[in-house]
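We name chains A, B, ... by the order of the sequence lines, and we start the count at 1 in each one. All values below were derived from every heavy atom in this structure, side-chain atoms included, with hydrogens, water molecules and symmetry-related copies excluded.
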Number of protein chains: 2
Amino acid sequence: MTHATPEQIGQLTLVFERFTRRFKVAEAAAAAANSLNALDVQALLFINDNPDCGLGDVARNLHVALTTMSSTADRLVRREMITRRRPEENRRSVALALTSKGVKAVEGYMAGYYDACQAMLDPLDQTDRAEFVRLTQKIADYEY
Amino acid sequence: MTHATPEQIGQLTLVFERFTRRFKVAEAAAAAANSLNALDVQALLFINDNPDCGLGDVARNLHVALTTMSSTADRLVRREMITRRRPEENRRSVALALTSKGVKAVEGYMAGYYDACQAMLDPLDQTDRAEFVRLTQKIADYEY
DNA sequence: GCGGTATACTACGATATTCGGATTATTCAA
DNA sequence: TTGAATAATCCGAATATCGTAGTATACCGC
């Protein structure tokens with residue numbers, strides 16, 4: 001199949017640059033509410049998606065040094081948002097998991113996303129909403 | 001007009017959480033290429049959208065302390081990506097603008113966004129692409 | 001026009017974060 | 001069993017963020 005026209009892509013780029021900015025605000029608000037920094041939030045989200053992952057997994061995925069992630073984990077453990085477990089099957093590694101407090105933080109974070117998405121759908125009529133959701137699903141499905 | 005259904009919003013939330021993660025990677029890559037941190041990049045983008053804005057404008061928009069933005073501006077000036085001008089009409093303030101080097105950095109950053117957007121449009125057929133772009137435009141138009 | 005207040009930013013010091021290099025502990029493989 | 005590879009931690013240096021205090025300029029009521 002042929003690519004989209006440069007004009008289409010350009011238009012989308014401008015719009016999405018705005019969209020992501022809006023999402024960043026939601027992110028910053030949720031982070032501030034828990035007095036977490038941006039990296040901590042990203043780590044929480046990753047651990048939520050990948051329970052019992054190791055520090056290296058998170059560090060590679062978020063493109064930060066392993067030592068940085070170790071510090072981040074220290075912080076999150078201190079704030080009782082995650083647990084560090086030494087699994088019997090590989091005692092070098094750690095298995096990170098969210099505590100109930102961590103789950104709550106992630107929920108608050110997703111709630112901000114939810115609000116931002118609601119605001120996006122508001123200006124559309126019923127037909128366009130269904131269409132927009134359908135298209136985003138189609139894109140998302142394709143990528144995984 | 002009535003709101004979208006919770007199910008619609010929920011679906012969109014999940015998808016956009018993925019989308020923004022993809023955009024964050026593009027952002028991080030561009031930032032690393034110029035050895036800038038996340039805040040510096042955000043500031044550059046804001047100044048690009050709002051030429052001759054003041055430090056306070058940027059700080060409020062990005063939700064950081066004014067002093068932090070002052071430091072960021074120091075960095076960006078030192079790297080010759082922006083200029084700090086004292087406008088005659090209000091000599092307390094500063095007017096920030098991108099240098100050609102700053103423009104280039106923003107372009108590199110937007111190029112990452114462009115690629116991400118192209119990847120989003122790829123899985124759609126011609127009709128759906130036009131429709132998707134139309135809907136995102138509609139949402140964006142509504143908000144400003 | 002004048003004094004007081006508000007605005008816009010900068011200087012500086014305290015605290016926190018990120019990272020690289022060295023180190024420890026565990027697993028794997030020859 | 002020894003050596004190499006893996007996973008994480010400890011420590012120190014460089015940097016970033018922020019709050020408080022300070023400086024300069026603009027505005028406003030009189």
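- Mapping B:R84 and A:P87 onto DNA chain C by nearest heavy atom places B:R84 closer to the 5' end of the strand.
- Taking atom CD of residue B:E89 and atom P of nucleotide D:dC27, one finds them 11 Å apart after rounding to whole Å.
- If you check every strand for non-hydrogen atoms under 4.0 Å, A:N37 touches sugar and phosphate atoms only.
- Not a single donor-acceptor contact under 3.5 angstrom links the side-chain atoms of A:R91 to the base of C:dT26.
- Rounded to the nearest 0.5 angstrom, A:I47 CD1 and A:L76 CG are separated by 6.5 Å.
- The interatomic distance linking A:L66 (CG) with C:dT23 (P) rounds to 17 Å, in whole Å.
- Applying the 4.0 Å criterion to OP1 and OP2 of C:dC19, one finds that A:T68 has a side-chain N or O inside that range.
- Contacts of A:S93 with the nucleic acid, taken as non-hydrogen atoms under 4.0 Å apart, involve only primed sugar atoms and P, OP1 or OP2.
- Within a 6.0 Å radius of CD in B:Q137, more than 12 heavy atoms belonging to other residues, nucleotides or ligands are found.
- Not one N or O on the side chain of A:R84 forms a donor-acceptor pair closer than 3.5 Å with the backbone of A:L96.
- Per the geometry, CZ belonging to A:R85 stands 16 Å off P belonging to D:dA7, to the nearest Å.
- Remark: C1' of D:dC18 and NE2 of B:H63 are 16 Å apart, rounded to the nearest angstrom.
- Ranking C:dT10, D:dA8, C:dT18 by closeness to the B:V94 side chain, first place goes to C:dT10.
- Taking the six-membered ring for Trp and thresholds of 30 and 60 degrees, B:F16 and A:F132 have ring planes inclined between 30 and 60 degrees apart.
- Contacts of B:L55 with the nucleic acid, taken as non-hydrogen atoms under 4.0 Å apart, involve only primed sugar atoms and P, OP1 or OP2.
- For B:F23 and B:F19, the ring centers sit 6.0 Å or farther from each other.
- When rounded to the nearest whole Å, the span between CG of B:N90 and C1' of C:dA6 equals 12 Å.
- Candidate nucleotides D:dT9, C:dG20, C:dT10 were compared by shortest atom distance to the side chain of A:A65, and C:dG20 ranks first.
- One can place CG of B:L62 at 15 Å from C1' of D:dC18, the figure rounded to the nearest angstrom.
- Closest to the B:R92 side chain, of the nucleotides C:dC9, C:dG20, C:dT7, is C:dT7.
- Distance CG (A:L39) to P (D:dT17): 13 Å, rounded to an integer number of Å.
- For C:dG20, the OP1/OP2 oxygens have no side-chain nitrogen or oxygen of A:T67 closer than 4.0 Å.
- Among the atoms of the strands shown, none is found under 4.0 Å from any heavy atom of A:R60.
- Rounded to whole Å, atom C1' of D:dT17 lies 13 Å from atom CZ of A:R75.
- Mapped onto DNA chain C by nearest heavy atom, A:V64 and B:S70 fall at different nucleotides, with B:S70 at the one closer to the 5' end.
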